[in-house]
Number of protein chains: 2
Amino acid sequence: MNPDILNERQKATFDIEKLTNILNGGPEKTKRRREIESMVLNDPDFKEQDPNFLSRSERYDQAVRKSAQMILKLREYGIADPEEIYCYKSCVHPGRPEPLDLHLGMFLPTLLNQATPEQMDRFFMPAWNLEIIGTYAQTEMGHGTHLRGLETTATYDPTSEEFVLNSPTVSSIKWWPGGLGKTSNHAIVLAQLYTQGSCHGLHAFIVPIRDMNTHVPLPGIVVGDIGPKFGFSEVDNGFLKLDHVRIPRDNMLMKYAKVDPDGTYFKPPSDKLTYGTMVFIRSMIVGESARALAKSSTIAIRYSVVRHQSEIRPGEPEPQILDYQTQQYKLFPVLAMAYAFTFVGHYMNQTYHRITGDIHQGDFSELPELHALSAGLKAFTTWAANSAIEVCRMSCGGHGYSRSSALPDIYVDFTPTCTYEGENTVMMLQTARYLMKSYRQARAGQQLHGIVSYLNEAEHQRIQPQLIAAKSTGIDFNDLSSLVELYKLRAAILVELAAKSIQKELQHKKSQEDAWNNSAIDLVRASDAHCHYVVVKLFADKLGEIDAAPLHSVLLTLARLYALHGMSNNSGDFLQAGLLEGSQVIEVTSHIKELLSELRPNAVALVDAFDFHDRMLNSILGRYDGNVYENLFEWARRSPLNSTEVHESYHKYLKPLRSKL
Amino acid sequence: MNPDILNERQKATFDIEKLTNILNGGPEKTKRRREIESMVLNDPDFKEQDPNFLSRSERYDQAVRKSAQMILKLREYGIADPEEIYCYKSCVHPGRPEPLDLHLGMFLPTLLNQATPEQMDRFFMPAWNLEIIGTYAQTEMGHGTHLRGLETTATYDPTSEEFVLNSPTVSSIKWWPGGLGKTSNHAIVLAQLYTQGSCHGLHAFIVPIRDMNTHVPLPGIVVGDIGPKFGFSEVDNGFLKLDHVRIPRDNMLMKYAKVDPDGTYFKPPSDKLTYGTMVFIRSMIVGESARALAKSSTIAIRYSVVRHQSEIRPGEPEPQILDYQTQQYKLFPVLAMAYAFTFVGHYMNQTYHRITGDIHQGDFSELPELHALSAGLKAFTTWAANSAIEVCRMSCGGHGYSRSSALPDIYVDFTPTCTYEGENTVMMLQTARYLMKSYRQARAGQQLHGIVSYLNEAEHQRIQPQLIAAKSTGIDFNDLSSLVELYKLRAAILVELAAKSIQKELQHKKSQEDAWNNSAIDLVRASDAHCHYVVVKLFADKLGEIDAAPLHSVLLTLARLYALHGMSNNSGDFLQAGLLEGSQVIEVTSHIKELLSELRPNAVALVDAFDFHDRMLNSILGRYDGNVYENLFEWARRSPLNSTEVHESYHKYLKPLRSKL
């Protein structure tokens, strides 16, 4: 063990294990997670070569091998709970997406949710036993987030009782689905349903795409890998071009919508049926943001206590770089954010499960707010995490740039969350639509409930500038609830500003649609402020649940840092609204500096609490034992370019050059 | 040609070729650049396979092949001007660093600058003829920016008249130098010089590392590649461990510092000798920032006029995504920044060349300010460009994530600029040190000259809050010089705040060093504001040189957007200082919206003016003809994973699974 990192651990003021339990959702969950981890990590069948040293094809090959093993072992150990499967999978492919992700995470669940009993009989068990390997083919080359724009057609032919699936344009080629390129022999294809001369919008169809025995693409199917990407190197994201491919009528998923043999169409009972799944997936993504931040801050903070550099006081030994204020200012807000987003993820997951019962009984009353909030929070957390990962990487100097740090991989595998499951700007505008509607309702005298209740008229009285100005002088920056209040007022004011921008455009004779587009900058800002308020509020709420004094104290420090750092970064909003005065911004900075010093002795303990096994981090800079440099050298020597002392290019190109010059 | 992009080009209000000439520094430069480009691009010897489809070793191999060809052709065509060599190289390896970069860019120039005539005879021609292939080995595993911390030793042994080069610790292993791993047979090694029992600091030594015939590492040398990185896949960044390696005394570069045969040391005449080179390299990096932004904005803006998505007005065709205000708000500020940084790069380069003559005559008077400014501008521009590249990538939706967009590669090859040649935070603090010194001088009544003259006492009178408050109501946001003035005042105020923070710490009995460290956040902010002011000012100065009215008009729009966007993003600073009032921040947003609309018709013309050949961009989304989708499909089909219809992993792992489940 590196003596510096050992010394750090001795300085912790709280019980790390207790904090780990809070992060995991209870001691039993911590225990079970560790059981699953050791099951996988001790299993020789899951041994792997460092993917950094493999070609793309070898990485895919290794991932398929491990995924196949995983399916066998899950069956062998009887692991069937979705959360446990997810945990097991995360250990088999540490932090990396894999070729069967969509089979397990989309194909099987979609069958469960949308297949008729007859379809379950035909497809589910073969899929469960991996005879059928499926994916979910929604996104096309020309359209992603805007689903109505998808162009693939499914035209019903009553004479043969078949659907004809077709890709009418180049841009309609299915593009991006994971596992589509090489792995799957079936796809659930989302297509515009045409029957009896009318289009009825998007519906889901089960389409066989490869021969069940030879795995060769079926007639009318052009399928393949979309080529190398920034990350996701283990995944065969694919394309699928359908040339009038015929499937039987009963390959349309018909639990809700139906097409009769004669072609008569019956629409599904509710259009909110898919909201629940979207909320669930977005709450998962918020959790992914938290996990990416936790990993990145673990790596950067551990390395920052091992690395000594330069000097603060002349003549003294080189200090640990975590003793530089600028380094603390980079990393501790990321650490605070990791905790904040973890708690937001918990909240969304719990809320989703709480109202799932209501949804199944046809009560959708709480869903619209949660749906709107989940869109914004997905965007807010992924954008913030995306930048923060890079802050962590660059805080490690040159070595952060080496693949051995794991930080480049964390970034490239995380960054698609800003785009998939709804492009972030579009998501922010979705939340804004809800906020604008709520604002109008409140102005019309309706009493709002839930998180947007701050838009109620009575609340609104409190945010008149003159009141604020009086108020701002009395802010207690040590009091978290005061900070929550400031974030709430900021959100209320930015929602109002966006609403007024729309009104102003309308007064200039703009159409509703142009007024919306010409206010889009303000709308995104309003959503951002709304989400920021929710995050600060949920962090504060969480503190109410923590009893142990030392733990409460360190988490309060993190929560205050999260809130004050956000105020400093967005000081323009608070000043503009009269919520702060100029001199108070300087006070905010002073408080931040104090909080950085307070956190310093607990920094390593706070990342240790995330409890990442070294093999899950796969980072030399982030090693638990802190023995960075010797392992960096050892890793480099194993690199494929060092398998020979002299690269063949020397003899081929460089040496022959001499005679020519 | 895609009709949308054709239509965009017809809307341009200015002469693109004239703007290209301004960007290139004159029509002759444009002409010569195009000549060199077509020389390379039409040369069958430089044909290459898409590196995205190659393994690391194949990429290195291809790069060495092309670099060897390049050396031959440069000789054949008699291209010897450094700027033209750089241009030629940039075409041979479009946008990609390559294995001979350090041989050409560091090894040869260091010989020219620091070798004695005798050393020139021994080393220069062999290196020119690529018998000697060299690199510049400065950075170690444990130290980069902090040069005094480097641990490699060169101990003089007068008995044999040799230096003994040694890596005393793991962290002292040379790490990162480009071309060191596999390509070079010599290295200029920076080491702490010990002679007659004293250490004299860092000096440069020529160390043979591989056998001139077999290329096998010499005794005492452990050398190799440091393993895969985020980018730089063509470059064999290497490690070098020296075990008491002996070199003759006259392998120390002795043009300035000297060691006599008996071991007597003579120090160099000036410690500012290396400043000039640093300024030059940093001005090159500012140019790289501009180029990365120009490429990224070209790709994103062209794609944004080809891509149609969603709807603004119901029932109408899907609009070009560049018609969304949010998309303009993402991309046009990046475009403005590309222009701003191009002009900053020109300024630095010109200033460097202007004072080079002075330097050679021993007049270093202007160098300190330029040196301090170049540190900050290097950090300011690379950080800004780094984030902006990712904004461009994510503005392209999912396809930005594909390697075919080129945006991932632009990012990974650019992002090291934030770390190398001086880590950015350290660079900002270097500039801050100059600002603090200037501030103290001004307070002491000295009259400052140059860019920091705004810190003079007389200027200072103007920034008293009460004066500002009166002033701020009369700001003309259409007047660029008013905006420059605001940036200047902001810089003055933030410099003062940082100085006051240090004073406060000192009053609390902190040492100078701790006071500095405890004010580091404020110091970085002050430097940032200083650099931001310089950039806005140089953009405004550049406009003074533009005659043609249509060109002046569009560049003024860009300059105003650059300035106002920065004010909006940093509104907290301007409000806190009383330079703006709350209502004026809303005004700033309105002006920004107007500028976005103004720029919209010229957007494609403004990126066309960067004049990137399609083969230099190597981006399917950024194609000049706009034919994106069909080419994306064609590219994907060529991907190696599609060389067989069925990947072998199906037969190895997936099919056998069936019998086991």
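Per chain, numbering begins at 1; letters A, B, ... match sequence-line order.
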Which residue out of [options] racks up the most heavy-atom pairs below 4.5 Å with chain B?
options                        : answer
A:C418, A:S55, A:P416          : A:P416
A:K330, A:R638, A:Q327, A:M428 : A:K330
A:T169, A:I173, A:V524         : A:I173
A:S571, A:G142, A:G397         : A:G142
A:L72, A:N52, A:V216           : A:L72
A:E311, A:Q512, A:E630         : A:E311

Just by distance, do the side chain of [X] and the backbone of [Y] share a donor-acceptor pair under 3.5 Å?
X      : Y      : result
A:K229 : B:R403 : no
A:R313 : B:D514 : no
B:Q309 : A:G149 : no
B:N642 : A:G224 : no
B:N517 : A:Q325 : yes

Handout entry: Residue pair B:F230, A:L407: steps toward the side chain to side chain contact (heavy atoms under 4.5 Å, CB included) verdict
Key = CA-CA 9 Å; B:F230 207 1; A:L407 289 162; over 6 Å; no
[Y] side chain reached by [X] side chain, heavy atoms, under 4.5 Å:
X      : Y      : value
A:L641 : B:S57  : yes
B:T589 : A:R525 : yes
A:R56  : B:F53  : no
B:Y324 : A:T425 : no
A:T214 : B:V646 : no
B:H146 : A:E318 : yes
A:M394 : B:E423 : no
A:M141 : B:H399 : yes

So which of [options] has the biggest tally of heavy-atom pairs under 4.5 Å with chain A?
options                        : value
B:L654, B:I521, B:N237, B:V585 : B:I521
B:I586, B:L100, B:V628, B:D236 : B:I586
B:S402, B:S310, B:A636         : B:S310
B:P314, B:P640, B:S387         : B:P314
B:N424, B:N570, B:D573, B:V412 : B:V412

[X] versus chain B, heavy atoms under 4.5 Å apart: side chain, backbone, both or neither?
X      : result
A:D323 : backbone
A:Y401 : both
A:I133 : side chain
A:R148 : side chain
A:S649 : both
A:W516 : neither
A:L523 : neither
A:F232 : both
A:D50  : neither
A:L632 : both
A:E390 : side chain
A:S639 : side chain
A:S568 : side chain
A:V426 : neither

Handout entry: Exceeds 12 heavy-atom contacts within 6.0 angstrom, atom NZ of A:K652
Key = yes
What heavy-atom pair brings [X] and [Y] nearest, and what distance separates the two atoms?
X      : Y      : value
B:K182 : A:T644 : NZ-O, 2.7 Å
B:Y629 : A:S171 : CD1-CB, 4.2 Å
A:P217 : B:E645 : CG-OE1, 3.3 Å
B:G398 : A:W176 : O-CZ2, 3.0 Å
B:G572 : A:L575 : O-CD1, 3.4 Å

What part of [X] gets within 4.5 angstrom of chain A, counting heavy atoms only: side chain, backbone, both, or neither?
X      : value
B:Y420 : neither
B:R307 : side chain
B:S590 : side chain

Between [atom1] of [X] and [atom2] of [Y], what distance do you get to the nearest 0.5 Å?
X      : Y      : atom1 : atom2 : value
B:Q576 : A:E581 : CD    : CD    : 12.0 Å
A:L130 : B:K660 : CG    : NZ    : 12.0 Å
B:H143 : A:H308 : NE2   : NE2   : 9.5 Å
B:T183 : A:Y653 : OG1   : OH    : 13.0 Å
A:Y650 : B:R210 : OH    : CZ    : 9.5 Å
B:R75  : A:L657 : CZ    : CG    : 8.0 Å

Exercise for the section: Using distance alone, with no hydrogens and no angle criterion, decide if B:T415 and A:R393 have a side-chain donor and acceptor under 3.5 Å apart. Expected result: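 The criterion, which ignores hydrogens and geometry beyond distance, is satisfied for A:R393 and B:T415.
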Practice task
Determine, for A:K593 against B:D522, whether the closest basic-nitrogen to carboxylate-oxygen distance falls under 4.0 angstrom.
Solution key: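 So A:K593 pairs with B:D522 through a salt bridge.
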